Engineer: 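Got a structure for you, written out below as structure tokens; questions coming shortly.
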Protein chains: 2
Amino acid sequence: MTGPADPVGVPLSSPDDEGGTGPDAILRNNIGYDMKRAFNAIQADVNATLQPFGLRMLTYSVLAVIRDNNGLRQSRLAEILLIERPNLVLILDELEGLDLVTRTRAPDDRRAYELTVTLKGRRLCDRAFRAVAEHDNRMARGLGAEERAALHKALRLIESNGRSPDDSRDTRREIPRP
Amino acid sequence: MTGPADPVGVPLSSPDDEGGTGPDAILRNNIGYDMKRAFNAIQADVNATLQPFGLRMLTYSVLAVIRDNNGLRQSRLAEILLIERPNLVLILDELEGLDLVTRTRAPDDRRAYELTVTLKGRRLCDRAFRAVAEHDNRMARGLGAEERAALHKALRLIESNGRSPDDSRDTRREIPRP
DNA sequence: CCAAGATCGTTATGATCTATAACCAGTACA
DNA sequence: TGTACTGGTTATAGATCATAACGATCTTGG
């Protein structure tokens, strides 16, 4: 008997299909749609990359920021990574349970914790860092250095466009009907 | 008394901070990190944009694809949008409950449904489409037409890089330790 | 024709990430 | 001192995503 036909790979649209003729052609004009799909691919790959280290995208991000900001406090860390404080607690519990991070009472403020990366955590972070760098190169394959830099720049611009409901309040959201 | 200092806006890094000196500088070198933040901004904005229509990013995507592919079946729709079939069921229940989409038994296959957009659905989709287009322009403010096209191209390339565990299996994932 | 296998939609369930309210201990300040 | 605020926490809910398993139906090989 023949195998179950094709594993899953249906060519829905090629990378150079300039907003072409796929069944999702309309959505392909939306940055958010293309970005969601690209991000899905990235997240799947980075999580697979980090899995051998016992990390995920989220836990790696937290670990890396603490590593480079020793003595950081949870509130500030939450600000930096745009994570709500309550959600950060569980992540830190996890990292602390893995002996990668320690919470130490801040000497000047007995409410706060100072976050530090353990030796084990630093080593793991370093190894994971290299794996993630390789992952990045994989995902960016086909992009030249300039294109890659332009991509980062565009992403940061979009991020900043999001956090500025500044002057465009007038023409902002259309209210369809009451 | 003075107001509670500053609402929340801490300038963590400006868009043109070329992998600069922020507390998350290391992560800024990762495409996934920048993309996650950009996508968060996009998703928040597009959901706010679609809220007056009673839609979200996900439901809008489904509605738009059905609109442009009348008679589509659920399995195929799931393939197109990379949604698992079970998850699609609830989304379609929602859209059907809003009288935007109908499920009709396929004449040639009594298991399958043919998905169609109602008149109400088409009108809503058209209006939402325009709002989303404006949203897109908001988020892409500061990008020229070429940069914007390059962004789409890069995103599609990344997506396709993700779905190709082809020949690079050798140097792929590092196994840290048993 | 018919039995085995595959497909379609569905239910149930769990994991992950996110968002909010409320709380306690501790701090800041008027 | 007392009132308001902050830092970390708990509890809880929502949204998205992933998997196993099921009944109904189609397909196919013998």
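Letters A, B, ... mirror the listed sequences (proteins, then strands); counts begin at 1. Quantities reported herein were computed from a predicted structural model and do not represent experimental measurements.
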Engineer: Does the ring of F53(A) carry R127(A) above it, NZ/CZ under 6.0 angstrom from centre and within 45° of its axis?
Structural biologist: no
Engineer: Can N161(B) and R156(B) be counted as having a side-chain donor-acceptor contact under 3.5 angstrom?
Structural biologist: no
Engineer: Round to the nearest Å and state the distance from R85(B) atom CZ to dT25(D) atom P.
Structural biologist: 20 Å
Engineer: Calculate the interatomic distance between L92(B) atom CG and dC8(C) atom C1'; express it in whole Å.
Structural biologist: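 About 13 Å, once rounded to whole Å.
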Engineer: Closest-nucleotide mapping onto DNA chain C: is I83(A) or R105(B) further toward the 5' terminus? I mean the 5' end.
Structural biologist: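 Closer to the 5' end of DNA chain C: R105(B).
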Engineer: Indicate whether any N or O donor in one side chain lies under 3.5 Å from an N or O acceptor in the other, for R103(B) and T116(B).
Structural biologist: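 Looking only at side-chain atoms, T116(B) and R103(B) do not form any donor-acceptor pair under 3.5 Å.
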Engineer: Just how far is it from atom CZ of R76(A) to atom CG of L72(A), taken to the nearest 0.5 Å?
Structural biologist: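 Atom-to-atom, R76(A):CZ and L72(A):CG are 7.5 Å apart.
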Engineer: Are side-chain N/O atoms of R56(A) and Y60(A) paired as donor and acceptor at under 3.5 Å?
Structural biologist: no
Engineer: Is the shortest heavy-atom distance from the side chain of V46(B) to the side chain of L50(B) under 4.5 Å?
Structural biologist: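 V46(B) reaches L50(B) side chain to side chain.
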Engineer: Without decimals, in angstroms, what is the distance between Y113(A) OH and dT6(D) P?
Structural biologist: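 My rounded result for the distance is 20 Å.
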Engineer: Nearest whole angstrom, please: distance from the P of dG7(D) to the CG of L115(A).
Structural biologist: 13 Å
Engineer: OP1 or OP2 of dG8(D) sitting under 4.0 Å from any side-chain N/O of S75(A)?
Structural biologist: yes
Engineer: Please determine whether a side-chain nitrogen of the Lys or Arg among D34(A) and K153(B) lies less than 4.0 Å from a carboxylate oxygen of the Asp or Glu.
Structural biologist: no
Engineer: Working to the nearest 0.5 angstrom, can you tell me the gap between T59(A) OG1 and L90(A) CG?
Structural biologist: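 Answer rounded to 0.5 Å: 12.5 Å.
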Engineer: Under a 3.5 Å threshold, yes or no: a donor from one side chain and an acceptor from the other, between R148(B) and N137(B)?
Structural biologist: yes
Engineer: Indicate yes or no for a side-chain donor-acceptor contact from N87(A) to the backbone of I83(A) under 3.5 Å, with no hydrogens or angles considered.
Structural biologist: no
Engineer: Nearest heavy atom decides the nucleotide; on that basis, is N87(B) or D93(A) closer to the 5' end of DNA chain D?
Structural biologist: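 Result of the comparison: D93(A).
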Engineer: Output the rounded distance in Å from CZ (F39(A)) to C1' (dT18(C)).
Structural biologist: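 Rounding to the nearest Å, CZ of F39(A) and C1' of dT18(C) are 13 Å apart.
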Engineer: Between the protein and nucleotides 21-26 of chain C, which nitrogen or oxygen pairs come in under 3.5 angstrom?
Structural biologist:
from    : atom 1 : to      : atom 2 : distance (Å)
dG26(C) : N2     : R111(A) : NH1    : 2.8

Engineer: I'd like to know whether L100(B) forms a side chain to side chain contact (heavy atoms under 4.5 Å, CB included) with I66(B), so could you lay out the CA-CA distance, the side-chain angles of the two residues, the decisive distance to 0.1 Å, and finally the verdict.
Structural biologist: CA-CA 10 Å; L100(B) 304 175; I66(B) 299 174; over 6 Å; no
Engineer: Between protein and nucleic acid, restricted to nucleotides 1-3 of chain D and to nitrogen or oxygen atoms under 3.5 Å apart, what atom pairs and distances do you find?
Structural biologist:
none

Engineer: Name the nucleic acid region contacted by E84(A), choosing base, sugar-phosphate or nothing; use a 4.0 angstrom heavy-atom cut-off, strictly under.
Structural biologist: base
Engineer: Might you point out which heavy atoms bring A38(A) and M35(B) nearest each other, and give the distance in Å?
Structural biologist: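 Closest pair (atom of A38(A), atom of M35(B), distance): CB-SD, 3.9 Å.
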Engineer: Roughly how many Å is it from CD1 in I91(B) to P in dA18(D), rounded to a whole number?
Structural biologist: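 Answer to the nearest Å: 12 Å.
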Engineer: In whole Å, what is the span from the CG atom of L90(A) to the P atom of dT10(D)?
Structural biologist: 8 Å
Engineer: Are there any protein N/O atoms within less than 3.5 Å of an N/O atom in nucleotides 15-17 of chain C, and if so, which ones and at what distance?
Structural biologist:
from    : atom 1 : to     : atom 2 : distance (Å)
dC17(C) : OP2    : R56(A) : NH1    : 3.1

Engineer: Between atom CG in D108(B) and atom P in dT7(C), what is the gap in whole Å?
Structural biologist: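 The answer, rounded to whole Å, is 16 Å.
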